[in-house]
Amino acid sequence: MNQPLNFTLEEIQTLLAMQDELNTYIHPEWKTQNFDWGFAIIDEVCEIREHLGWKWWKEGYQCGITEANRKQVQLEVIDILHFVLSLALEARIGPERVRDWISQSYGSYTVTDMVMACTSMIFLVSCESADYFEGWNDLAVSVDLTKEEVLETYIQKFVLNKFRQDHGYKDGTYYKTWKSEITIGGATVPVYKEDNEVLADLIQSRKEYGLEVTNQEGLYNELLTLYNTRLNK
């Protein structure tokens, strides 16, 4: 069984401050808009289920967590953390309480129990239970995220979310799917990747070359270069 994600108070304070900054960047009056954080969480959980292969009439049924989809599932779990933190900020829940709630895993799930963790999260949110903080922890543990990876990936997705806003995400002019080309057997083949996948590839490449993966300015500039050189500009 994976170890609990024992965040420090300082780490939780940093995450809450970054989330407040991002939400304010997107909508200055976000705390008074009554956004449906629970529905947003459920939507992200459904995206996780898509990766796990729930459609019995399609290839990949019940594929579960694989090396091919693990990073994308981890990114979805971090997306859910954004909404969990947002709800805590809106409800003025203190960092100590947030730390205590999301640091300990109550489901004792393993990586094979992601479907169960997804179902549990939807149930908790639908019941408007504060236990969805713990439900998030179970999702993180089920996809084998360490505390260090949570903190790293949160920063990386924070950068991507800001990048999206700067390039038309809100008004619909942003291209979430980026086109490139590869050569196979002498033939040029188009490749389409969502920006989440582009980010994951970028992070993996930086790790392979021993480069830092949480420098916000550096990541933003690399995303900008890739976005401006995509073929579907």
Please check: side-chain N/O of [X] versus main-chain N/O of [Y], any donor-acceptor pairing under 3.5 Å?
X      : Y      : result
Asn232 : Lys179 : yes
Thr229 : Leu226 : yes
Gln74  : Val143 : yes
Lys162 : Val159 : no
Arg206 : Glu212 : yes
Lys170 : Ile26  : yes
Gln156 : Val213 : yes
Glu44  : Ile41  : no
Gln72  : Asn69  : no
Thr119 : Val115 : yes

(Q) Between Glu67 and Arg70, does any NZ, NE, NH1 or NH2 come within less than 4.0 Å of an OD or OE carboxylate oxygen? (A)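 Yes, Arg70 and Glu67 are salt-bridged.
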**Q.** salt_bridge(Glu50, Lys58) N-O dist < 4.0 Å
**A.**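 Lys58 and Glu50: not salt-bridged.
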Could you tell me whether the side chains of [X] and [Y] share a donor-acceptor contact shorter than 3.5 Å?
X      : Y      : value
Asp20  : Trp30  : yes
Lys71  : Asn196 : no
Thr183 : Glu181 : no
Gln19  : Asn23  : yes

Distance, nearest 0.5 Å, that separates [atom1] of [X] from [atom2] of [Y]:
X      : Y      : atom1 : atom2 : result
Leu160 : Ile155 : CG    : CD1   : 14.0 Å
Glu217 : Asn215 : CD    : CG    : 6.5 Å
Tyr220 : Tyr227 : OH    : OH    : 10.5 Å
Asp195 : Leu223 : CG    : CG    : 8.0 Å
Leu9   : Thr14  : CG    : OG1   : 9.5 Å
Glu194 : Lys176 : CD    : NZ    : 5.0 Å

Q | Ile42, Val125, Leu87 screened by side chain to side chain contact (heavy atoms under 4.5 Å, CB included) with Trp37, the one that passes | A |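 Exactly one option meets the side chain to side chain contact (heavy atoms under 4.5 Å, CB included) with Trp37, and it is Leu87.
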How close do [X] and [Y] get, counting heavy atoms only, and between which atoms?
X      : Y      : result
Lys233 : Asn228 : CD-O, 2.9 Å
Ile12  : Pro95  : CG2-O, 3.6 Å
Leu16  : Leu89  : O-CD1, 3.5 Å
Met114 : Leu52  : CG-CD1, 3.4 Å
Thr8   : Lys147 : CG2-NZ, 4.3 Å
Gly53  : Cys63  : N-SG, 4.0 Å

Q: Count the heavy atoms of every other residue, nucleotide or ligand shown that sit under 6.0 Å from CD of Glu59, and state whether that count exceeds 12.
A: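 Not more than 12 within 6.0 Å, no.
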Q. Considering residues, nucleotides and ligands other than Gln33, do more than 12 of their heavy atoms fall under 6.0 Å from its CD?
A.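 Enclosed.
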I want to check something: taking the side chain as every heavy atom from C-beta on, are [X] and [Y] in contact at a cut-off of under 4.5 Å?
X      : Y      : result
Phe7   : Leu151 : yes
Ile102 : Leu5   : no
Ser205 : Asp201 : no
Ile48  : Ile80  : yes

Q) Mind checking whether Tyr174 and Tyr169 have parallel, tilted or perpendicular rings, split at 30° and 60°? A)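 Rings of Tyr174 and Tyr169: perpendicular, as their planes differ by over 60°.
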Q: Take the angle between the ring planes of Phe163 and Trp178 and call it parallel below 30°, perpendicular above 60°, tilted in between.
A: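 Rings of Phe163 and Trp178: tilted, 30 to 60°.
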Q: Using the side-chain contact (heavy atoms from CB on, under 4.5 Å) rule, take Val73 and Leu139 through it: C-alpha gap first, then chi angles, then the decisive distance, then the call.
A: CA-CA 10 Å; Val73 173; Leu139 288 171; over 6 Å; no
Q: Mind running side-chain contact (heavy atoms from CB on, under 4.5 Å) on Leu85 and Tyr154 for me, showing each step along the way?
A: CA-CA 11 Å; Leu85 294 173; Tyr154 181 89; 3.9 Å; yes
Q) Is there a side-chain contact (heavy atoms from CB on, under 4.5 Å) between Val141 and Asp113 once you walk through the steps? A) CA-CA 10 Å; Val141 170; Asp113 295 321; over 6 Å; no
Q.
Can you confirm whether or not the ring centre of Tyr25 sits under 6.0 Å from the ring centre of Phe158?
A.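 Centroid distance Tyr25-Phe158: not below 6.0 Å, so no.
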Cluster question for you: counting only ILVMFWY and a side-chain heavy-atom cut-off of under 4.5 Å, with indirect links fine, are [X] and [Y] together?
X      : Y      : result
Val198 : Leu231 : no
Leu199 : Tyr192 : no
Val77  : Trp54  : no

Q.
Could you walk me through whether His82 and Asn161 satisfy the side-chain contact (heavy atoms from CB on, under 4.5 Å) test, starting with their C-alpha distance in whole Å, then the side-chain angles of each, then the deciding distance to 0.1 Å, before giving a yes or no?
A. CA-CA 10 Å; His82 281 74; Asn161 285 335; 3.6 Å; yes
